[in-house]
2 protein chains.
Amino acid sequence: MANEPKQKRFGAHIRALREAQEISLRKFAERAQISPTYLSKVERDEFPPPGEEAVRRIADILGEDPDELLALAGKVASDLPGIIQQHPRAMATFLRAASGLPAAEIEKLARRAVGLRKKGPEK
Amino acid sequence: MANEPKQKRFGAHIRALREAQEISLRKFAERAQISPTYLSKVERDEFPPPGEEAVRRIADILGEDPDELLALAGKVASDLPGIIQQHPRAMATFLRAASGLPAAEIEKLARRAVGLRKKGPEK
DNA sequence: AAGACTGTTTAGTAGTTAGTATACACCTCC
DNA sequence: GGAGGTGTATACTAACTACTAAACAGTCTT
């Protein structure tokens, strides 16, 4: 028991969606601009998920939310680290506090943040 | 103009703090468990900042906030991606909305999140 | 039974990240 | 004038990430 992948669900997930849309592995690989060989392994979770750009192209083809699919790939969208780094302590505090909250509550806080944006700093 | 480092301030920053505490490069390297050679280059921003664990040890020695120093190193603490991935869409929405807000406002939202934690989901 | 599909096996690779060891030049103090 | 300190240049490296090309085996169509 040594050769197991970290992300067990990414490959199976995109394979199911691809098959539901009746796209062949080769056609899909072509549209996603990756090699069929690679895609085959990724879909069977024999290889870890591709890089961010490839995951975004896959999400686009499958009609999935990119942030959601990136999460399944064990990644976060590359713009988020930059945002966190603007106020690392405050953002880290927030994220740790919000960890475990249901999505609906986080969305409410997001709407609050949008509200603060409009009023406060106009930049 | 091709050999410039990404993070121009990390090295200079820690060198200044180290010199302020009058610790020699070698002693500091030993305490941070990295080689003096490597530290020398890092402090002159000739090499990119070290990995997260080394940055944390450096922050500890210098009495700096780890999240802040990690940000200066162009990284985010490794627990944060995992938190974002619990609710990737909601968290990404929040972060993009909170981008540009002053730290004080983000801290207020963090306190709100703490409040929600206590009442709502007890896990 | 040939041709055109399907997915898979085998065998690599280029680039990035995060470092190390050896050896050097300079300074001082005794 | 050598013993012990300062920082630095040179020269590698091991592990990991994100892939590719060539060839193969089964199925389906005509």
Side-chain angles (χ1 to χ4, degrees), chain A residues 2-8 10-59 61 66 69-78 81, chain B residues 2-8 10-59 61 66 69-78 81:
Chain A
N3 215 21
E4 269 140 57
K6 297 106 215 215
Q7 309 300 333
K8 220 168 205 97
F10 179 83
H13 181 71
I14 66 167
R15 167 155 290 192
L17 289 172
R18 174 178 67 79
E19 288 178 342
Q21 296 191 27
E22 294 187 352
I23 310 171
S24 86
L25 185 144
R26 273 162 219 268
K27 282 235 186 287
F28 191 81
E30 191 187 7
R31 288 184 60 188
Q33 299 167 60
I34 59 182
S35 71
T37 356
Y38 184 44
L39 180 60
S40 170
K41 285 164 181 290
V42 167
E43 284 194 349
R44 283 170 298 125
D45 293 295
E46 197 185 307
F47 264 27
E52 174 162 350
E53 290 315 307
V55 171
R56 285 186 183 283
R57 289 191 298 267
I58 289 167
I61 298 169
L69 201 59
L70 281 167
L72 208 58
K75 303 175 196 295
V76 298
S78 57
Chain B
N3 217 21
E4 271 141 57
K6 298 106 216 220
Q7 309 299 330
K8 219 173 206 92
F10 179 82
H13 181 71
I14 65 167
R15 168 156 290 193
L17 289 172
R18 173 177 68 79
E19 288 177 342
Q21 297 192 25
E22 295 188 352
I23 311 171
S24 85
L25 187 143
R26 275 165 218 265
K27 282 238 187 285
F28 191 81
E30 192 187 6
R31 289 184 61 190
Q33 299 167 61
I34 58 181
S35 71
T37 358
Y38 183 45
L39 180 59
S40 171
K41 286 163 181 289
V42 167
E43 283 194 350
R44 285 170 296 127
D45 293 296
E46 197 186 305
F47 264 28
E52 174 162 351
E53 290 315 309
V55 172
R56 284 185 183 283
R57 288 191 298 268
I58 290 168
I61 298 169
L69 201 60
L70 281 166
L72 208 58
K75 304 178 194 294
V76 297
S78 57

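Naming convention: chains lettered A, B, ... in sequence-line order (proteins, then strands); numbering from 1 in each chain.
- The salt bridge (Lys or Arg N to Asp or Glu O under 4.0 Å) test applied to B/K41 returns B/E46, not counting sequence neighbours.
- Of the candidate nucleotides C/dG7, C/dT9, D/dT8, C/dG7 has the atom nearest to the side chain of A/R18.
- When the C1' atoms of four end pairs are superposed on the next four at each end of the helix from C/dA1-D/dT30 to C/dC30-D/dG1, using five pairs per end, the two resulting axes differ in direction by 20°, to 10°.
- Taking atom CG on A/L25 and atom P on C/dA4, their separation rounds to 20 Å, with Å as the unit.
- Applying the salt bridge (Lys or Arg N to Asp or Glu O under 4.0 Å) rule to pairs touching residues 15-24 of chain B yields B/R15-B/E43, B/R18-B/E43, sequence neighbours excluded.
- One can place CD of A/E46 at 17 Å from P of D/dA18, the figure rounded to the nearest angstrom.
- Partners of A/R26 according to the side-chain contact (heavy atoms from CB on, under 4.5 Å) rule, which considers only residues two or more places apart in sequence or in another chain, are A/S24, A/P36.
- Using a 4.0 Å cut-off, some side-chain N or O of B/R44 falls inside it from OP1 or OP2 of D/dA9.
- An OP1 or OP2 oxygen of C/dG7 is reached within less than 4.0 angstrom by no side-chain nitrogen or oxygen of A/S40.
- Atom-to-atom, CD of B/E30 to P of D/dG5 comes out at 12 Å; the value is rounded to the nearest Å.
- Judged as a side-chain contact (heavy atoms from CB on, under 4.5 Å), and not counting sequence neighbours, the contacts of A/A54 are A/I34, A/P50, A/R57.
- Take B/T37 and apply the side-chain contact (heavy atoms from CB on, under 4.5 Å) test, not counting sequence neighbours, and it matches B/S35.
- Every residue was checked against the salt bridge (Lys or Arg N to Asp or Glu O under 4.0 Å) condition with A/E53, not counting sequence neighbours, and none meets it.
- In this structure B/L17 satisfies the side-chain contact (heavy atoms from CB on, under 4.5 Å) test together with B/H13, B/L62, B/E64, sequence neighbours excluded.
- If you take CZ on A/F10 and CD1 on A/I58, they are separated by 4.5 Å, rounding to the nearest 0.5 Å.
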Polar atom pairs (N or O), protein with nucleotides 18-27 of chain C, under 3.5 Å:
unit_1: C/dA18; atom_1: OP2; unit_2: B/K75; atom_2: NZ; d: 3.3
unit_1: C/dG19; atom_1: OP2; unit_2: B/G51; atom_2: N; d: 2.6
unit_1: C/dG19; atom_1: O5'; unit_2: B/Y38; atom_2: OH; d: 3.3
unit_1: C/dT20; atom_1: OP2; unit_2: B/S35; atom_2: N; d: 2.9
unit_1: C/dT20; atom_1: OP2; unit_2: B/S35; atom_2: OG; d: 2.9

